[in-house]
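Indexing begins at 1, ligand by ligand and atom by atom, following the structure's order. Here the structure is a predicted model, which means the values were calculated and not measured.
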Amino acid sequence: MSDLQIPTAVDLNNAANTLVNNIVRDDVLNMVPYQSARREQTQGNCWLNANEAGGNNALTIRLSNLNRYPDFQPNELIDAYSKYAKVDNNNILATRGADEGIEVLIRTFCRSNQDSIIICPPTYGMYAISAKTHGINVNTVALNDNLQLDVERLTDFAIGNNQQHSSVKLVFICSPNNPTGDVIERDDIIHVIEMFSSSALVVVDEAYIEFCPQLSVVNLLSRYPNLVILRTLSKAFALAGLRCGFTLANKAIINMMAKIIAPYPISNPVSAIASNALNEQLPVMLQRVEQVVSLRNEMTTFLDQQPWLIQRFESNTNYLLFKVENATSLFTFLSQQGVLIRNQSSQLNLNDCLRVSIGDANELQQFKDAIEQFNQQSQLNQNNQQVGN
Ligand SMILES: *Cc1c(COP(=O)(O)O)cnc(C)c1O
């Protein structure tokens, strides 16, 4: 070893590239990672692209216990979520964001190169990405024209499952759905849960349920053994940077997931901050939700007045999806002004659709100002064209 020349950095990197290309899984080599808002856009001063809350949290924590490993599932945190969600402790698994809940479900229940999941797009991207990273097949049952479940096609899959023709293990339903914003009808969800009752889990992602708590399906947990609910502190609780989410399900499901998840998923500071947010700070969240709803109504009125608006989607969340004449030109103009929103045009059936998060009043004013500028410039361009003609 000692005679060996130390390679140049370039040689080392080339050798590593060759090695990695030779040994990495073929499907990983060609995989496109999740294009999170943070990876896609990093320059800007008005962040309305990731459905985060506008204001920050004022929280203090004790940092004197960091020499110790945390509990696998910190009691104070599980107690706090149990009290908040009115679900028994045994039916809760705390995870690093709801995203980890998705991944652990897939790793726990799906066999690589054999099993599959169902997604109902346009919807949240991580279900498919997580499945693909584990070699799990993704079946697509698109939402219908009303952005509701295609129950008939789902029934075909359920029948196939019962006849052992396919092996769907997880059906992902996002309600309220990201990025469209509306809830999935409760009767349809029940129908799907029942049709897969002996063959698959139905995972209802309630990341935005705090904005319409009366529409949660959490009270179905006591009726259906194959219902799983995903929750997060990233949206209404304004703690996206904390990375804390919850899976709610029958304890048989939770116990299996607990075999797969990392041994210490929730750090001590995360547990302390999250518990505080769920106990003493709970009224702050409720107040934030009220403010978001009122700002969303303002924003709705504003969007409805725009000459280029083609459609504005109903929302039960902290974001609005809207269809415009030319999504690329508006999106590009806004990002040049430092106002970041999300272009959803690449999603199934969402051509020329943009999604804007309901931030705080300041951020929404910046958004509105930038739109006014866009309108003025479009008007100028039009006039110039007329002069040119
Ligand atoms: C934001 C979001 C998540 C992920 O939440 P984290 O807890 O931050 O991982 C999951 N599902 C949907 C629908 C989301 O919008």
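Taking 4.0 Å as the cut-off, Gly97 counts as a neighbour of ligand 1 on heavy-atom distance. Distances from ligand 1 to the non-hydrogen atoms of Ala240 include no value under 4.0 Å.
Salt-bridge check for Arg312 with Asp304: passed, with a basic side-chain N closer than 4.0 Å to an acidic carboxylate O. Taking the charged nitrogens against the carboxylate oxygens, Asp115 and Lys169 do have a contact shorter than 4.0 Å, which makes a salt bridge.
Among all protein heavy atoms, the one lying closest to atom 14 (C) of ligand 1 is Lys235 NZ, 3.1 Å. In terms of protein heavy atoms, atom 9 (O) of ligand 1 is closest to Arg243 NH2, 2.8 Å. Distance from atom 11 (N) of ligand 1 to its nearest protein heavy atom, with residue and atom name: Asp205 OD2, 2.6 Å. At the shortest separation from atom 15 (O) of ligand 1 among protein heavy atoms lies Tyr208 OH, 2.7 Å.
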Solution key, residues 67-77 side-chain donor-acceptor pairs under 3.5 Å, sequence neighbours excluded:
residue	atom	partner	partner atom	Å
Gln73	OE1	Ala94	N	2.6
Gln73	NE2	Ala94	O	3.1
Glu76	OE2	Ser271	OG	3.4

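Using cut-offs of 30° and 60° for the angle between ring planes, the Trp308 and Phe374 rings count as perpendicular.
If you look at Ser234 next to ligand 1, the close heavy atoms, those under 4.0 Å, all belong to the side chain. Here Arg96 has no heavy atoms under 4.0 Å from ligand 1, in either its backbone or its side chain.
With a 6.0 Å cutoff to the six-membered ring centre and a 45° limit on the axis angle, Arg355 counts as a cation-pi contact of Tyr319. Both the sub-6.0 Å distance and the 45° axial angle are satisfied by Lys368 relative to the ring of Phe302.
For ligand 1, the polar-atom distance check against Tyr124 finds no nitrogen or oxygen pair separated by under 3.5 Å. Ligand 1 has no N or O atom lying under 3.5 Å from any N or O atom of Ile102, backbone or side chain. Between Tyr127 and ligand 1, no N or O atom pair is found at a separation short of 3.5 Å. When only interatomic distances are considered, the shortest N/O to N/O separation between Asp99 and ligand 1 falls below 3.5 Å.
Residues Val293 and Glu290 form no side-chain contact, since every pair of their non-hydrogen atoms from C-beta on lies 4.5 Å or further apart.
Interface of Cys174 with ligand 1, defined as ligand atoms under 4.0 Å from a residue heavy atom, comprises 13 (C).
Taking a 6.0 Å sphere around CG of Leu29, one finds it holds more than 12 heavy atoms contributed by other residues, nucleotides or ligands.
Across every non-hydrogen atom of Val218 and Ser216, the tightest pair is N-OG, 2.9 Å.
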